[in-house]
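Structure, as structure tokens:
Every heavy atom of this structure was used, including side-chain atoms; hydrogens, water molecules and symmetry mates were not.
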Amino acid sequence: MKASINVPMLLMVGFCGALAIFSSTISKSPILPLFAAQLGATNAQIGIIASMSTIPGILISYLAGYLADRYGYKRILIGSLLVFASAPFIYLLVTNPVQLGAVRFYHGFATAAFGPVAMAAIAAFSGKNTGQNLSIYSSATMVGRALAPTVGGNAYGLGGPSSVYLIAAVAGSLALLAALWFFRKPPEEEDKSAAAARFHKSDEDKTGFMKKLWGILSYGPLLFVGVLSASIYFAYGAFEMIFPLYASELDMSPGLIGTLLTIQLVGVIVLKPFFGRASDKMGRLPMMVVGLLICSLSFFSLVFTRSVLVLAPVIILYGLGFALTTAASNALAADVASIGALGASLGMMSTLMDVGQTLGPPIIGGIGDAQGFSVGLIIMGALMFVSAIACLVWHGKQKGAKAQA
């Protein structure tokens, strides 16, 4: 049975996550597409540059979770925070789109490792409150994610890209220092997460890396959640890329664009812990259906939006749908994780999520070059609607299986 939540661990991971995600987000929202365009990149190339940071998630998220299961969470968390702290300084050297893509690729290793391992560390100590505690952590990171666009947009307007990346460097460095301080301990003390990992080591030695990987990949419920997450983050990644460009076509300043992106996340920060707790009691899939339908409606509405006064409530609506959907999907992934492989299972789910987030920006960016951003928004709305139907069908099958049992 899982232990009660380790409150200091939750606070530390949440605090470091807020700073790290602030550092990561300010490096891309809304500055990345604007900076890439300034360097001469096309919309399709901007989409590829935006996707470079999610490719590491495909490559190492499962590996990071696997290593955390076996050796403990501490090393992986600190290693990822080292990347968060160092990457912003490299942006200062960028002079062309290729270099920008390369730095984005390096920066992506930070979130690829930190995200699934932080979730696994919290879920491992959460007992019956997994949804609530994961949503508290997520809301902490959302504070950083929400502040970043406003700070970044205004900093970009006042001092250009260098001012934005210096702010990102300070935040990433503070996150690293906070984690090093928290994990300080006398040599004789044992890392509890490493001890837990060694508890499963005999079983791990028998199954092996590839056998466990295949077992996770062939586990239907986890694969289904991963594919759903891929579709959710396909649209989210495309939205992060498309919105600053779409808004700039309406003659909005970088500061105003950043403020609108912050408004979008306010509802996520406030409501997500309540949504997570509600999903613990009422079920994950019904909440996901509602959230996906709201996201779908938001994207369709953006096609017809040309005014800032209308744009703001539509953005808030999308934030609400995203909060509903991800509060339930993160907890659902922990629910269906393979026994004894929580970190690896969440790492695989994160990998599939990153596949979606990697594909979204270049595909929608290419469509934007060929057909305009409105067509891309319609495709994103349709994808969310189809995902909601898939959730509804799976929920019906689960209810039917329980009735027959």
Donor-acceptor contacts under 3.5 Å from residues 77-84 side chains, at least two apart:
from, atom 1, to, atom 2, distance (Å)
Ser80, OG, Ile76, O, 3.3
Ser80, OG, Leu77, O, 2.8

[X] (side chain) donor-acceptor with [Y] (main chain) under 3.5 angstrom:
| X | Y | result |
| --- | --- | --- |
| Thr259 | Thr150 | no |
| Ser248 | Pro244 | yes |
| Ser229 | Met353 | no |
| Ser298 | Tyr318 | yes |

Inter-residue atom distance [X].[atom1] - [Y].[atom2], 0.5 Å rounding:
| X | Y | atom1 | atom2 | value |
| --- | --- | --- | --- | --- |
| Ile294 | Thr325 | CD1 | OG1 | 7.5 Å |
| Ile21 | Leu147 | CD1 | CG | 13.0 Å |
| Ile122 | Tyr73 | CD1 | OH | 10.5 Å |
| Ile242 | Leu377 | CD1 | CG | 4.5 Å |
| Met241 | Ile49 | CE | CD1 | 11.0 Å |
| Leu19 | Thr141 | CG | OG1 | 11.5 Å |

Give every residue pair that meets the ring-ring contact (aromatic ring centres under 6.0 Å, His included) criterion with at least one member in residues 355-380, sequence neighbours excluded. none
I want to know whether Phe385 and Phe299 have ring centres closer than 6.0 Å. no
Taking the six-membered ring for Trp, are Phe89 and Tyr165 closer than 6.0 Å centroid to centroid? no
Can you confirm whether [X] sits close enough to [Y] that some side-chain heavy atom of one is under 4.5 Å from a side-chain heavy atom of the other?
| X | Y | value |
| --- | --- | --- |
| Arg145 | Phe22 | no |
| Cys391 | Leu292 | yes |
| Phe109 | Phe114 | no |
| Phe239 | Ile315 | yes |
| Val290 | Met287 | no |
| Met288 | Leu228 | yes |

Apply side-chain contact (heavy atoms from CB on, under 4.5 Å) to Ile378 and list each qualifying residue two or more places apart in sequence or on a separate chain. Phe300, Val303
What residues form a side-chain contact (heavy atoms from CB on, under 4.5 Å) with Leu359, not counting sequence neighbours? Phe234, Val355, Ile363
Minimum heavy-atom distance between [X] and [Y], given as atom pair plus value:
| X | Y | value |
| --- | --- | --- |
| Leu261 | Pro149 | CB-CB, 3.6 Å |
| Ser162 | Gly159 | OG-O, 3.7 Å |
| Leu324 | Gly291 | CB-CA, 3.8 Å |
| Gly14 | Ala140 | O-CB, 3.6 Å |
| Val164 | Gly152 | CG2-O, 3.5 Å |
| Ile257 | Ala247 | CG1-CB, 3.7 Å |

Scan the side chains in residues 167-180 for donor-acceptor partners under 3.5 Å anywhere in the protein, sequence neighbours excluded, and list what turns up.
from, atom 1, to, atom 2, distance (Å)
Ser173, OG, Ala169, O, 2.8

Which residues pass the side-chain hydrogen bond (donor to acceptor under 3.5 Å, both in side chains) test with Ser387, not counting sequence neighbours? Ser231
Walk me through it: do Leu297 and Leu293 pass the test side-chain contact (heavy atoms from CB on, under 4.5 Å)? CA-CA 6 Å; Leu297 176 63; Leu293 289 175; over 6 Å; no
Donor-acceptor pairs under 3.5 Å, side chain of residues 96-108 to any protein atom, not counting sequence neighbours: which ones?
from, atom 1, to, atom 2, distance (Å)
Asn96, OD1, Val98, N, 3.1
Asn96, OD1, Gln99, N, 2.9
Gln99, OE1, Thr95, N, 2.6
Gln99, OE1, Thr95, OG1, 3.0
Arg104, NH1, Tyr91, OH, 2.8
Arg104, NH2, Ser53, OG, 3.1
Tyr106, OH, Ser86, OG, 2.7
His107, ND1, Tyr91, OH, 2.9

Step-by-step side-chain contact (heavy atoms from CB on, under 4.5 Å) determination, Ile364 to Met380: CA-CA 9 Å; Ile364 299 301; Met380 291 153 63; 4.1 Å; yes
May I have the list of side-chain donor-acceptor pairs in residues 27-39 shorter than 3.5 Å, sequence neighbours left out?
from, atom 1, to, atom 2, distance (Å)
Ser27, OG, Ser23, O, 2.8
Lys28, NZ, Glu240, OE1, 3.0
Gln38, OE1, Tyr156, OH, 2.7

Would you sort out whether Phe304 and Val310 count as a side-chain contact (heavy atoms from CB on, under 4.5 Å), showing the intermediate values? CA-CA 10 Å; Phe304 306 102; Val310 180; over 6 Å; no
Sort and list the pairs that fulfil salt bridge (Lys or Arg N to Asp or Glu O under 4.0 Å) and have at least one residue in residues 375-392, not counting sequence neighbours. none
Scan for side chain to side chain donor-acceptor pair (under 3.5 Å) pairs involving residues 353-379, sequence neighbours excluded, and state none if there are none. Asn43-Asp369, Thr54-Thr358
